[in-house]
Amino acid sequence: MPELPEVETVVREIRAPLVGRRFARVRAGKLALRKPWQPAWAKILTGSRVTAVTRRGKWIVIEIERNRYLVVHLGMTGQFTVTHADAPIAAHTHFVIGLDNGAELRYRDVRRFGSLTLYAGRAELDASFESAGLGPEPFGLDRKYWRDSLARTARSLKAVLLDQRVVAGVGNIYADESLFRAKLHPALIGKTLTPAASDRLRKAIEGVLTFAIERRGSSIRDYIGGSGERGSFQNEFKVYGQTGKPCPRCKTPISRIRLAGRSTHFCPKCQRVE
DNA sequence: ACAGGATCCTGGGGGC
DNA sequence: TGCCCCCAGGATCCTG
């Protein structure tokens, strides 16, 4: 579910209630997430103070004193919230971390595609991102890097946008919305783009993500922010999930195809194959 | 190198 | 009400 705007919203909303607090109690559920949780990690976390909360691509990084990093991925249905301890614990809640002021950090994930992992040190954290080949953040992307990345590949633009090694943070919603904004067909082959079209796409990604963060992300089914409230960018979709509805620019019905293994939405008239 | 499919999971919605 | 099928903000592995 969550792509960069949703993850960024969670990070912004859990940062204030977490930074400076100590983890007082860590309770892990029995069901496994995508990466196995080591029971020993609970002991390490207990009593430790949070020093920072940041984001890298779709990953949440919670920095803890003594050089530990709790890294969280929300998968498709992950929810990461700070709530009052007396709030009822929803089904599919896999982690409850009590804070020293009585609040609770909770991780809920219906499909369990997400993960929580503890890294012992910055080097280990960096190595994990590096071994995955995680690409640069989409904001302030180097123009030449982006042009070259496209010029080098015979893959479709949709496939490139979804590839976290090329650019980190874009997922299915924002790939489709970015391609619409840039007026580029999702099936266009990277190496066929003109430099101008490449630049247009780079700026479209930034524009769409920035706007989506302002709207606190998209809440379609499961997503909620760190404070538990829904986002509203789902009300701004131009093409994602708009199959058959009129294109906001030219009124042509929005098409839906399967591309790079994912549902792909676009305007067959505005987004030319060129 | 790349496309496509399967996999990990659970739940919602539509059709019958 | 039940059943079956398809769908879902992701990542990764395997085959051809």
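So you know, we letter chains A, B, ... as the sequences are listed, proteins then strands, and number each from 1.
- For the P atoms, the distance linking B:dC9 with C:dC13 amounts to 16 Å, nearest Å.
- Every residue meeting the side-chain contact (heavy atoms from CB on, under 4.5 Å) condition with A:His73, not counting sequence neighbours, appears here in chain and number order: A:Lys58, A:Trp59, A:Ser115.
- Here the C1' atom of nucleotide C:dA8 and the CG atom of A:Asn172 are 10 Å apart, to the nearest Å.
- Judged by Watson-Crick or G-U wobble contacts below 3.5 Å, the nucleotide B:dC9 has no partner.
- Within the nucleic acid shown, A:Arg165 has no heavy atom closer than 4.0 Å to any nucleic acid atom.
- Scored by the side-chain contact (heavy atoms from CB on, under 4.5 Å) test, A:Ala132 finds no partners at all (sequence neighbours excluded).
- A:Lys30 meets the side-chain contact (heavy atoms from CB on, under 4.5 Å) test with no other residue; sequence neighbours excluded.
- Between chain A and DNA chain B, the heavy-atom contact criterion of under 4.0 Å yields a 5' to 3' nucleotide range of B:dC2 to B:dG11.
- Nucleotides C:dC6 and B:dG5 have their P atoms positioned 13 Å apart, rounded to a whole Å.
- Look at the P atom in both B:dT10 and C:dT1: the space between them is 24 Å, to the nearest Å.
- Using a 4.0 Å heavy-atom criterion, one finds that A:Tyr240 contacts the sugar-phosphate atoms exclusively.
- Heavy-atom nearest nucleotides on DNA chain B were determined for A:His92 and for A:Arg34, and the one closer to the 5' end corresponds to A:Arg34.
- Among the atoms of the strands shown, only primed sugar atoms or phosphate atoms (P, OP1, OP2) are found under 4.0 Å from some heavy atom of A:Gly171.
- Residue A:Glu8 forms a salt bridge (Lys or Arg N to Asp or Glu O under 4.0 Å) with just one option from A:Arg15, A:Arg55, A:Arg216, and that option is A:Arg55.
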Show me the side-chain donor-acceptor pairs of residues 16-29 of chain A shorter than 3.5 Å, one per line, residues at least two apart or across chains.
unit_1  : atom_1 : unit_2   : atom_2 : d
A:Arg21 : NE     : A:Asp100 : OD1    : 2.5
A:Arg22 : NH1    : A:Gly47  : O      : 3.0
A:Arg22 : NH1    : A:Glu65  : OE2    : 3.0
A:Arg27 : NH2    : A:Glu104 : OE2    : 3.0

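- Cation-pi geometry between A:Arg256 and A:Tyr240 is not met at under 6.0 angstrom from the ring centre and within 45 degrees of the axis.
- Regarding A:Phe113, its CZ atom lies at a distance of 13 Å from the C1' atom of C:dC7, rounded to whole Å.
- At a threshold of 4.0 angstrom between heavy atoms, the contacts of A:Arg258 are confined to the sugar-phosphate backbone, with no base atom among them.
- Heavy-atom nearest nucleotides on DNA chain B were determined for A:Arg111 and for A:Leu259, and the one closer to the 5' end corresponds to A:Leu259.
- At the phosphate of C:dA8, neither OP1 nor OP2 sits under 4.0 Å from any side-chain N or O atom of A:Thr77.
- With sequence neighbours excluded, the residues that form a side-chain contact (heavy atoms from CB on, under 4.5 Å) with A:Leu141 are A:Pro136, A:Tyr145, A:Trp146, A:Val167, A:Arg202.
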